[in-house]
Amino acid sequence: MDTEFKKELREIVGESNFLENEMMDRHTTFKIGGPCDCLIKPSDVNVLSKAVALCVNNDIPFFVIGRGSNLLVDDDGVRGVVIIPSGEMTDISLNGNELTAGAGASLINTAAFAADHGLAGLEFAGGIPGSVGGGLVMNAGAYGGEMKDVVKCATILCNGRLSTLSKEELNLSYRHSVIEELDHAIVVSVTFDLKPGDSAELKAKISELNRRRMEKQPFDYPSAGSTFKRPVGGYASALIEQAGLKGLAVGGAQVSEKHAGFIINRENATYHDVIALIKLVEDKVEQRSGIRLEPEVKILGK
């Protein structure tokens, strides 16, 4: 990545939204990750479009990380440009029963906004620490709800063009969307079709779901959320526990003793600690059950 490219990128996004050699452990919930070449925070769609075009034209890889909640980044860092949507792309607005949130808006804030305005459907997302864009890409879900239940459409930037994809076109399924299959596609905003509800009851439901999360999940240590996808006909946490792996550690990474589906950063875990522990869990579970677990966490590095 040459100096001229960085200069042009800095001019596009603005001095305050451009960081060089930024440590990625500051931007992931796992608190793991080395320096990226550049990290930018585009303030609106126009800036995002220009920045992405510059990357594409110079053959520089780019990655959108949102709130970094489902991400494991290499200790050696990231070659390329890391993008965190900000500014206008964190806005949330209403049009009747339709709520539109920018890709950079947090799912927690979006669910709270909906509840504040008496709109039901997003309560399941009230404790998911990711962004709206990331939640759409992986069809995030919890407690019996998922994005595909409430998404109406999404605006995406793909190959320099803005387009709107319907729920059907998004092809949402378990931890998957069509966005993952499109080259250079970035979610700009998502529109949800919600139902009228009682604001106090909706807030109470979010609080109850969050109470259940706090009881069951290891919030006392950094993690990337559920480490493994749910296998057909079972639950990853149950398979891991049945294999006797609760508390298993490699370096500073550990299978949570509170919830076996989580690998936690117990004590200054490295990228390689986590990778080694993931593979160890996969191998031991497969040996015992014949089922090969698949990581849900996204891996970003060289």
Side-chain angles (χ1 to χ4, degrees), residues 19 21-42 55 61-86 89-90 103-109 125 127-142 147 174-177 179-180 184-187 190 217-219 221-230 236 250-256 259 261-266 268-279 281-282 293-302:
L19 296 169
N21 297 318
E22 176 73 357
M23 292 298 292
M24 292 302 298
D25 58 5
R26 301 172 184 168
H27 301 279
T28 68
T29 59
F30 230 148
K31 304 302 180 186
I32 296 173
C36 63
D37 289 336
C38 296
L39 185 147
I40 62 172
K41 299 180 179 181
C55 291
F62 61 88
F63 315 91
V64 182
I65 68 164
R67 303 183 71 82
S69 64
N70 190 44
L71 188 65
L72 173 62
V73 180
D74 196 320
D75 295 316
D76 290 334
V78 181
R79 303 289 72 79
V81 177
V82 173
I83 300 172
I84 300 178
S86 64
M89 285 185 290
T90 64
S106 80
L107 284 167
I108 291 173
N109 289 347
I128 298 176
S131 66
V132 167
L136 179 74
V137 170
M138 67 173 293
N139 187 31
M147 296 287 277
Y174 179 69
R175 302 299 178 262
H176 172 268
S177 71
I179 307 296
E180 297 177 301
H184 305 314
I186 298 176
V187 179
V190 180
Q217 297 179 9
F219 285 99
Y221 293 101
S223 77
S226 296
T227 306
F228 300 96
K229 293 181 179 179
R230 186 177 68 237
V250 173
Q254 182 183 45
V255 176
S256 170
H259 190 308
F262 285 65
I263 287 178
I264 59 173
N265 180 356
R266 187 175 178 93
N268 300 317
T270 68
Y271 166 85
H272 295 288
D273 289 343
V274 177
I275 290 294
L277 186 53
I278 286 174
K279 186 175 188 308
V281 169
E282 290 172 343
L293 295 177
E294 182 183 349
E296 180 174 309
V297 62
K298 305 295 184 184
I299 296 170
L300 181 60
K302 288 187 175 180

message: Whether D37 and R79 form a salt bridge (side-chain N of Lys/Arg under 4.0 Å from carboxylate O of Asp/Glu) is what I want to check.
response: yes
task: Would you name the heavy atoms of E296 and Y174 that are closest together and state the gap between them?
output: OE1-OH, 3.9 Å
message: For L107 and V132: C-alpha separation, side-chain torsions, deciding distance, then whether side chain to side chain contact (heavy atoms under 4.5 Å, CB included) applies.
response: CA-CA 5 Å; L107 284 167; V132 167; 4.1 Å; yes
- prompt: What are the two closest non-hydrogen atoms of I108 and P129, and how far apart are they?
  reply: CD1-CA, 4.1 Å
- request: Have a look at T227 and tell me which of I263, V281, L72 forms a side chain to side chain contact (heavy atoms under 4.5 Å, CB included) with it.
  value: I263
query: Ignoring hydrogens and geometry, is there a side-chain-to-backbone donor-acceptor pair from D273 to G252 under 3.5 Å?
result: yes
- request: With sequence neighbours excluded, tell me which residues meet side-chain hydrogen bond (donor to acceptor under 3.5 Å, both in side chains) with E282.
  value: R292
Nearest-0.5 Å distance, CD1 of residue I299 to CD1 of residue I278: 5.0 Å
query: Hey, is the main chain of P35 close enough, under 3.5 Å, to the side chain of N21 for a donor-acceptor pair?
result: no
- line: One should read off an interatomic distance between N265 CG and I32 CD1, to the nearest 0.5 angstrom, of 4.5 Å
- prompt: Can you name the nearest heavy-atom pair linking N139 to R175, along with the distance?
  reply: O-NH1, 3.1 Å
statement: Taking every heavy atom of A142 against every heavy atom of I128, the minimum-distance pair comes out as CB-CD1, 4.2 Å
- prompt: Going from CZ on R26 to CG on L39, what distance comes out if it is rounded to the nearest 0.5 angstrom?
  reply: 10.5 Å
message: Measuring from atom OG1 of T28 to atom CG of N70, what distance do you get when rounded to the nearest 0.5 angstrom?
response: 11.0 Å
- prompt: Distance from Q217 atom CD to S256 atom OG, nearest 0.5 Å?
  reply: 9.5 Å
query: Taking S86 for the side chain and K41 for the main chain, is one N or O donor matched with an acceptor at less than 3.5 Å?
result: yes
message: I'd like to know if the side chain of S131 and the backbone of G104 have a donor-acceptor N/O pair within less than 3.5 Å.
response: no
task: Using side chain to side chain contact (heavy atoms under 4.5 Å, CB included) as the criterion, point out the one residue from V64, I40, T90 that pairs with P85.
output: V64
- prompt: CD1/I84 to CZ/F63 distance, rounded to the nearest 0.5 angstrom?
  reply: 13.5 Å
query: With T29, which residues qualify under side-chain contact (heavy atoms from CB on, under 4.5 Å), at least two apart?
result: S69
message: side chain to side chain contact (heavy atoms under 4.5 Å, CB included), that's the test. Do V73 and H27 meet it? Break it down for me.
response: CA-CA 10 Å; V73 180; H27 301 279; over 6 Å; no
- prompt: With distance as the sole test, does S223 use its side chain to make a donor-acceptor pair with the main-chain N or O of G225 at under 3.5 Å?
  reply: yes
- line: Closest heavy-atom pair, I264 versus F30, reported as atoms and distance to 0.1 Å, is C-CE2, 4.1 Å
message: For a quick test of reading the model, state the closest non-hydrogen atom pair linking A224 to L71 and the distance between them.
response: CB-N, 3.9 Å
